[in-house]
Amino acid sequence: MEIDLSPKLAKEVYGGNGGSYHAWSPSELPMLRQGNIAAAKLSLHKNGFALPRYSDSSKVAYVLQGSGVAGIVLPESEEKVVAIKKGDALALPFGVVTWWYNKEETELVVLFLGDTSKAHKAGEFTDFFLTGSNGIFTGFSTEFVARAWDLEESDVKTLVGKQSGKGIVQLEGNITLPEPKPEHRNGMALNCEEAPLDVDIKGGGRVVVLNTKNLPLVGDVGLGADLVRLDGRAMCSPGFSCDSALQVTYIVRGSGRVQVVGVDGQRVLETTIKAGNLFIVPRFFVVSKIADPEGMEWFSIITTPNPIFTHMAGSSSVWKALSSSVLQAAFNVDSVVEQLFRSKRTSDAVFFPPPN
């Protein structure tokens with residue numbers, strides 16, 4: 001079966017003076033639907049306010065640009081008001097109500113990647129707004145709203161009639177939202193650009209992995225995630241997820257080349273990837289990337305909280321584990337060629353610096 005793995009850009013779904021919301025469509029990126037994964041971006045201008053909402057999917061949010069404030073309400077819990085900035089990752093389980101605000105001149109951009117296996121539409125997030133022109137108050141009759149919230153009918157009409165914005169609004173100067181509290185960041189957000197490195201290869205690249213130790217809510221979301229920074233002209237070793245997980249990758253910065261090899265040794269993708277692209281690697285397919293001279297950075301989710309990868313190069317690769325005679329027989333080569341092959345890439349590395 002032929003699969004279109006071409007990287008795609010997000011398209012605007014809605015927006016206004018306060019900002020915009022973009023999403024990747026399963027019709028353009030079929031692997032989203034097949035893998036039950038969705039991806040979207042929220043962009044907020046100065047004083048842009050993303051109205052309170054909850055989603056039919058668990059997600060990982062990653063701040064691509066700017067700084068701002070996120071309001072987070074876990075089920076039957078108090079509101080957490082968290083200061084967010086570029087590099088921050090937040091895990092958002094089912095049932096979480098969130099709002100987002102930007103009071104700075106620099107645009108705030110937040111990436112959302114998540115699981116849609118329990119969503120209304122495979123490969124798409126469906127948000128349910130608490131307020132706004134499409135909020136829950138507009139759906140209930142005046143009688144139901146009045147009785148549920150113990151309001152006069154006239155007050156209900158005012159409450160509902162004032163909700164003219166959809167999803168995102170621009171706040172006037174007379175509204176002051178709550179200030180973030182430093183203690184509210186604990187366990188809610190992790191800055192991937194400042195966190196201790198899980199992998200650090202000189203001249204190659206660096207990795208920070210989100211896990212239940214540094215961001216406990218990742219376990220509730222059921223997804224793994226990482227931030228990878230590849231140096232100029234360095235290579236990310238060919239490898240595959242050996243626990244049937246999908247890799248969903250967003251290119252944060254820079255550009256480079258990617259190749260993906262699938263069933264029967266067929267190269268199913270060979271292309272240039274650049275900032276803003278999203279692409280998906282199917283289960284068990286082997287992927288490798290080489291950065292352009294300016295380097296490349298990407299943020300990925302993996303559809304399991306504790307992914308296991310098999311690398312095809314380096315001292316820990318599967319080739320090093322196989323015996324010499326097996327390799328000679330499998331490649332149909334003599335011992336000289338087999339030893340040459342085995343003697344290369346003896347370091348335990350995920351990233352390879354460019355050749356001298």
Side-chain angles (χ1 to χ4, degrees), residues 10-25 38-57 59 61 63-75 78-84 90 92 94-112 114 119-121 124-180:
K11 291 188 176 180
E12 183 173 327
V13 179
Y14 60 84
N17 292 335
S20 57
Y21 180 86
H22 296 70
W24 282 265
S25 170
K41 281 196 298 186
L42 173 68
S43 300
L44 295 179
H45 306 319
K46 183 178 181 180
N47 293 325
F49 178 51
L51 297 173
R53 70 198 65 194
Y54 62 94
S55 176
D56 63 354
S57 306
K59 308 172 184 176
V63 182
L64 297 169
Q65 176 183 301
S67 60
V69 179
I72 304 170
V73 182
L74 296 169
E78 65 174 357
E79 178 185 57
K80 303 282 189 181
V81 183
V82 180
I84 57 173
L90 302 91
L92 305 174
F94 282 113
V96 170
V97 172
T98 63
W99 55 262
W100 309 80
Y101 176 60
N102 178 27
K103 64 179 180 180
E104 306 295 338
E105 292 289 345
T106 301
E107 190 173 34
L108 172 65
V109 184
V110 183
L111 172 72
F112 300 98
H120 286 270
K121 300 177 182 177
E124 297 181 48
F125 296 134
T126 299
D127 288 333
F128 295 82
F129 296 92
L130 301 190
T131 63
S133 61
N134 57 341
I136 61 170
F137 283 95
T138 63
F140 283 110
S141 67
T142 303
E143 176 194 2
F144 272 64
V145 175
R147 291 190 62 177
W149 284 274
D150 193 21
L151 296 170
E152 296 294 330
E153 190 170 325
S154 60
D155 294 328
V156 172
K157 290 180 179 178
T158 299
L159 195 66
V160 176
K162 287 284 188 178
Q163 300 183 46
S164 57
K166 178 182 178 181
I168 301 171
V169 299
Q170 191 168 44
L171 298 184
E172 302 296 334
N174 59 346
I175 298 180
T176 302
L177 293 180
E179 290 294 322

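Computed from a prediction, not measured in an experiment: that's the story for all the values here.
In this structure, L108 CG and S67 OG are separated by 7.0 Å, a value rounded to the nearest 0.5 Å. Atom-to-atom distance recorded for F125:CZ and W24:CH2 is 10.0 Å, nearest 0.5 angstrom. Rounding to the nearest 0.5 angstrom, the gap separating the NZ atom in K166 from the CG atom in N134 is 5.5 Å. Summarising the geometry, atom OH belonging to Y21 is positioned 16.0 Å from atom NZ belonging to K11; distances are rounded to the nearest 0.5 Å. Here E124 contributes atom CD and D56 contributes atom CG; the two are 9.5 Å apart, rounded to the nearest 0.5 Å. Note that the OG1 atom of T176 and the CG atom of L171 stand 9.5 Å from one another [nearest 0.5 Å].
Within the 4.5 Å cutoff, no side-chain heavy atoms of V81 are placed close to those of E179. With a 4.5 Å cut-off on side-chain heavy atoms, V82 and P180 do not count as touching. The shortest side-chain heavy-atom distance between V160 and T142 does not fall under the 4.5 Å cut-off. Looking at heavy atoms from C-beta onward, L177 lies out of side-chain contact with V69 at the 4.5 angstrom threshold.
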For residues 96-105, which side-chain donor-acceptor pairs fall under 3.5 Å, sequence neighbours excluded?
{"from": "T98", "atom 1": "OG1", "to": "W100", "atom 2": "NE1", "distance (Å)": "3.3"}
{"from": "W99", "atom 1": "NE1", "to": "E79", "atom 2": "OE2", "distance (Å)": "2.8"}
{"from": "Y101", "atom 1": "OH", "to": "N47", "atom 2": "OD1", "distance (Å)": "3.0"}
{"from": "N102", "atom 1": "OD1", "to": "E104", "atom 2": "N", "distance (Å)": "3.0"}
{"from": "N102", "atom 1": "ND2", "to": "L44", "atom 2": "O", "distance (Å)": "3.0"}
{"from": "N102", "atom 1": "ND2", "to": "H45", "atom 2": "O", "distance (Å)": "3.3"}
{"from": "N102", "atom 1": "ND2", "to": "E104", "atom 2": "O", "distance (Å)": "3.4"}
{"from": "N102", "atom 1": "ND2", "to": "T106", "atom 2": "O", "distance (Å)": "3.0"}
{"from": "E105", "atom 1": "OE2", "to": "K46", "atom 2": "NZ", "distance (Å)": "3.0"}

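Remark: K162 pairs with no residue by the side chain to side chain donor-acceptor pair (under 3.5 Å) rule, at least two apart or across chains.
A donor-acceptor contact shorter than 3.5 Å links the side chain of S133 to the backbone of G165.
Taking the six-membered ring where tryptophan is involved, the planes of F137 and W149 are tilted, since the angle between them lies from 30° to 60°.
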